[in-house]
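In what follows, every heavy atom counts, from backbone to side chain, and hydrogens, waters and symmetry copies are set aside.
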Amino acid sequence: MGAAVVRAIRNFNLENRAAREISKVKPSPAPRHPSTKSLLLEQMSGQADIKGEIGRKDDKLLSLLRDVYVNSRDPVSSAQDKDAGTPQEPKEFRLPKGNHFDINIENIPKGKVSIVEALTLLNNHKLYPDKWTAEKIAEEYHLEQKDVNSVLKYFVTFEVKIFPPEDKKAIQSK
């Protein structure tokens, strides 16, 4: 239904719009500089046969042009060729660590951790830095050593501090 409406709007008053566009004054070429006008006239008068050659249609070339047929296809990139030629090697997986099996995670690729595992390892390192070193975390979760060092350096877990009731008395309300 929408296509019919669009087509009707597009074809509305088409002949009048086309005639109006055709009858518009075409832009004229820019005026030539007076110093070059004489040189152009001299060149055109000396080679009148070239002017006729430009305006003439060559039937032989037109027939050759009609016989040309171009059939092209997009080239196949080299990355696609490599993917098609080599079979995918199976990825290594590991089971999730900890007691968070209620989430529907069956296996995790080696070199990656889930959100729960990431928070667990950050918290363990924060609470027991001598026990949970970067080397032990990398070995336990099958991660790269440099990645673990970067995670421990740039990420921290939130810490909630609850103030005891006697500190609340220090704040005076006005």
Side-chain angles (χ1 to χ4, degrees), residues 1-97 100-119 121-122 134 137-156:
M1 181 68 182
V5 172
V6 170
R7 192 178 309 115
I9 291 172
R10 185 180 59 219
N11 293 338
F12 175 73
N13 203 12
L14 185 65
E15 290 85 13
N16 288 344
R17 287 187 289 142
R20 190 179 329 126
E21 194 65 33
I22 291 171
S23 66
K24 279 185 180 176
V25 177
K26 307 296 185 278
S28 60
R32 306 227 184 248
H33 193 269
S35 64
T36 59
K37 193 180 262 187
S38 62
L39 292 172
L40 286 173
L41 289 174
E42 181 181 317
Q43 288 292 323
M44 294 299 277
S45 64
Q47 299 174 357
D49 57 336
I50 293 178
K51 188 174 184 180
E53 186 75 22
I54 290 173
R56 185 179 60 82
K57 289 185 179 179
D58 192 356
D59 293 330
K60 180 183 176 190
L61 291 177
L62 285 174
S63 65
L64 289 175
L65 184 61
R66 286 188 196 105
D67 293 339
V68 172
Y69 177 74
V70 177
N71 187 5
S72 67
R73 293 191 181 105
D74 289 336
V76 178
S77 68
S78 61
Q80 291 175 350
D81 289 340
K82 290 178 184 176
D83 291 343
T86 58
Q88 289 269 339
E89 59 184 50
K91 292 184 177 180
E92 295 182 18
F93 290 97
R94 62 176 180 80
L95 293 174
K97 304 270 185 209
H100 52 85
F101 290 110
D102 56 343
I103 303 173
N104 295 332
I105 299 176
E106 296 173 4
N107 49 26
I108 299 172
K110 288 191 176 179
K112 299 189 185 281
V113 292
S114 68
I115 292 291
V116 177
E117 288 177 338
L119 292 173
L121 71 89
L122 286 171
I137 292 172
E139 181 183 330
E140 185 78 20
Y141 290 97
H142 304 284
L143 300 172
E144 296 279 333
Q145 179 69 39
K146 63 179 180 66
D147 294 338
V148 173
N149 288 334
S150 297
V151 166
L152 294 177
K153 181 178 179 183
Y154 295 112
F155 292 94
V156 293

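Taking every heavy atom of both residues into account, S35 and S38 meet most closely at O-OG, 3.6 Å. Of all heavy-atom pairs spanning R32 and L40, the tightest one is CD-CD1, 3.2 Å. Pairing each heavy atom of L122 with each of F155, the nearest pair is CD2-O, 3.7 Å. Scanning all heavy atoms of the two residues, the minimum distance from E117 to V113 falls at OE1-CA, 3.6 Å.
Within the 4.5 Å cutoff, the side chain of L152 has heavy atoms near those of the I137 side chain.
Here CZ of R17 is found 8.0 Å from CG of N11. Values are rounded to the nearest 0.5 Å. Put simply, CG on D58 and CG on L65 are 11.5 Å apart, with the number rounded to the nearest 0.5 Å. In this structure, L64 CG and D59 CG are separated by 11.0 Å, a value rounded to the nearest 0.5 Å. Residue K110 holds its NZ atom at 11.0 Å from CG of L143, rounded to the nearest 0.5 Å.
Few gaps surround NZ on K26; more than 12 heavy atoms of other groups in view lie less than 6.0 Å from it. By the neighbour-count criterion of 12 heavy atoms within 6.0 Å, atom CG of D67 is densely surrounded, having more than that number from other residues, nucleotides or ligands. The local environment of CG in L14 is crowded, with over 12 non-hydrogen atoms from other residues, nucleotides or ligands closer than 6.0 Å. Residue-environment remark: CD (Q145) exceeds the threshold of 12 foreign heavy atoms within 6.0 Å.
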